[in-house]
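Accompanying notes for the structure given below.
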Amino acid sequence: MKQKKNVTFNDIAKYTGFSKTTISRYFNNPDSLTLENQEIISKALVDLDYKENKVAKILANGQTEFIGVIVPNLHNHYYSEMLNQILQTYEQFGYKFLVFVGNEHADTERKYIEELMSYKIEGLIILSFTIPSRELADLHLPIVTIEREDKYVCSVNTDNYMGGVQATSLLASHNCDILIHINTPTSPEIPAYGRIAGFEDVCREKNLRHKVIYRDLGNTYDSMKKSLSEILDELEKDYPTEKKGLFISSDTHANVFLNLLIQRYGTLPRDYYLVGFDDSPISTEAVIPISTVGQHIDQIAFEAVSLLVEQMNERKKRRPAPLEKTVHKVITPYLIRRETTEKDS
């Protein structure tokens, strides 16, 4: 069977009577042509059964339509769901994604960025927090970060402080004897620090007995289980008969802690109230659905890609106008009450 010949720009030019330059302008700068000529060429593409050669297009204009993405890990359900939502924006924006998992190693992530740059990515989305934003800004590439230090680059984040207030106020409404927030050591420059600040402010304003437990929880199930098991032992020793309200830094960690309680007691004890953070799928899939502060993960992903596309499109203009200052979008969270706090109702 004879192989079908690929249709070239020269074929389209002969069919329409236009020059090859005009055909090239149709693909690379269609607005430079009249609507009538655009329609003629568009019809010719259908008549000739033209299939776009993406490689040839990249070689011609240097635009790969690739966006790089670096995430810290995929064990935390927040990151896996955020990545899922980012990938789904292809239908809206038409950009493809090259994804690397950094595993919290700065030098490894620098190598990944070098690799991405060699693929001529047009922009970069970073959820990992190991490389300072000052260093990222020096790449001179459109960049948007999510939930990490962002002084020198554009970002999209949740209002973590409001989320901390929502979670703490929910636990306070159940008249717990002690409120406890469990989190990894977090710099005030990281957006997630707002969860800690919101927790502490509510406790101080309401004169509530409280404690913040900082612990490196790790990024594997075994490391999380070990650290949270040690914390559970401490709570059992320090507050054996008291009603404990726990605000835990993420749904993933909250679910591990919940599993530890169920393994020890066969159920969620009456003296434990749990609130997580993210509203990632694990919060509803847990053996006892977890109350949580929901992040609009789909909206954050869309806004991040949209903000990045705006910057990339600007760079393609004949006279691009760089951003005068970085853009930081903040998305309002929402509180979800589930069985780990609503057992009295």
Any carboxylate oxygen within less than 4.0 angstrom of a Lys/Arg side-chain nitrogen, looking at [X] and [Y]?
X	Y	answer
Glu122	Lys96	no
Lys244	Asp271	yes
Glu114	Arg110	no
Glu310	Arg315	no
Lys20	Asp11	no

side-chain contact (heavy atoms from CB on, under 4.5 Å) between Leu127 and Ile70, intermediate numbers included: CA-CA 6 Å; Leu127 288 84; Ile70 297 181; over 6 Å; no
Heavy-atom pair with the smallest gap, counting every atom of [X] and [Y]:
X	Y	answer
Ile113	Leu139	CG2-CD1, 3.9 Å
Leu274	Thr340	O-OG1, 2.8 Å
Thr184	Asp216	CG2-CA, 4.5 Å
Ile297	Asp278	CD1-O, 4.0 Å
Ser155	Asp150	OG-OD2, 2.6 Å
Ile67	Ile121	C-CG2, 4.4 Å

[X] side chain to [Y] main-chain N or O, any donor-acceptor pair under 3.5 Å?
X	Y	answer
Gln85	Gln299	no
Thr89	Gln92	no
Ser306	Glu303	no
Arg209	Ile178	no
Ser223	Thr220	yes
Glu109	Ser128	no
Ser133	Tyr152	yes
Thr22	Phe18	no
Ser187	Glu189	yes
Asn73	Asn76	yes

Stepwise side-chain contact (heavy atoms from CB on, under 4.5 Å) check, Arg338 with Asp279: CA-CA 11 Å; Arg338 297 193 181 112; Asp279 192 28; 3.0 Å; yes
Option among Leu170, Thr292, Val275 that satisfies the side-chain contact (heavy atoms from CB on, under 4.5 Å) test with Arg337: Leu170
Residue from Leu246, Leu258, Thr341 passing side-chain contact (heavy atoms from CB on, under 4.5 Å) with Tyr272: Leu246
Would you call [X] and [Y] a side-chain contact if the rule is heavy atoms closer than 4.5 Å?
X	Y	value
Ile12	Asn10	no
Phe97	Ile86	yes
His174	Glu342	yes
Leu98	Val69	no
Lys211	Tyr239	yes
Gln295	Ile146	no
Ile331	Asn157	no
Ile182	Ile231	yes

Audit row: Lys226, Glu230, salt bridge (charged side-chain N to carboxylate O under 4.0 Å, His left out) steps and yes/no: CA-CA 6 Å; Lys226 181 177 184 298; Glu230 292 172 355; 2.9 Å; yes
Cluster question for you: counting only ILVMFWY and a side-chain heavy-atom cut-off of under 4.5 Å, with indirect links fine, are [X] and [Y] together?
X	Y	result
Ile282	Leu260	no
Ile288	Leu235	yes
Met162	Tyr78	no
Val71	Leu307	yes
Met117	Phe100	yes

Chi angles and distances behind the side-chain contact (heavy atoms from CB on, under 4.5 Å) call for Val305, Tyr95: CA-CA 9 Å; Val305 178; Tyr95 279 89; 5.8 Å; no
Using distance only, find each side-chain donor-acceptor pair of residues 41-48 under 3.5 Å and give its atom names and separation, not counting sequence neighbours.
residue, atom, partner, partner atom, Å
Lys43, NZ, Asp47, OD2, 2.9
Asp47, OD2, Tyr15, OH, 3.1

Distance (rounded to the nearest 0.5 Å) between [X] [atom1] and [Y] [atom2]:
X	Y	atom1	atom2	result
Glu242	Asp177	CD	CG	5.5 Å
Ile248	Leu228	CD1	CG	6.5 Å
Cys203	Ile180	SG	CD1	10.5 Å

Within a radius of less than 6.0 Å around [atom1] of [X], do more than 12 heavy atoms belonging to other residues, nucleotides or ligands occur?
X	atom1	result
Asp138	CG	yes
Lys329	NZ	yes
Glu36	CD	no

Between [X] and [Y], a side-chain donor and acceptor under 3.5 Å:
X	Y	value
Tyr26	Asn37	no
Arg215	Ser227	no
Glu81	Ser280	no
Asn160	Glu147	yes
His253	Ser250	yes
Asp107	His105	no

Pair His181-Thr168, side-chain contact (heavy atoms from CB on, under 4.5 Å): steps then yes or no: CA-CA 9 Å; His181 180 46; Thr168 311; over 6 Å; no
Test of ring centre spacing under 6.0 Å for Tyr334 and His296: yes
Sub-6.0 Å ring centroid separation between Phe302 and Phe93: yes
Cation-pi check, Arg195 onto Phe277 ring (under 6.0 Å, within 45° of axis): yes
Aromatic ring pairing Phe199/Phe247, orientation class (parallel under 30°, perpendicular over 60°, tilted between): tilted
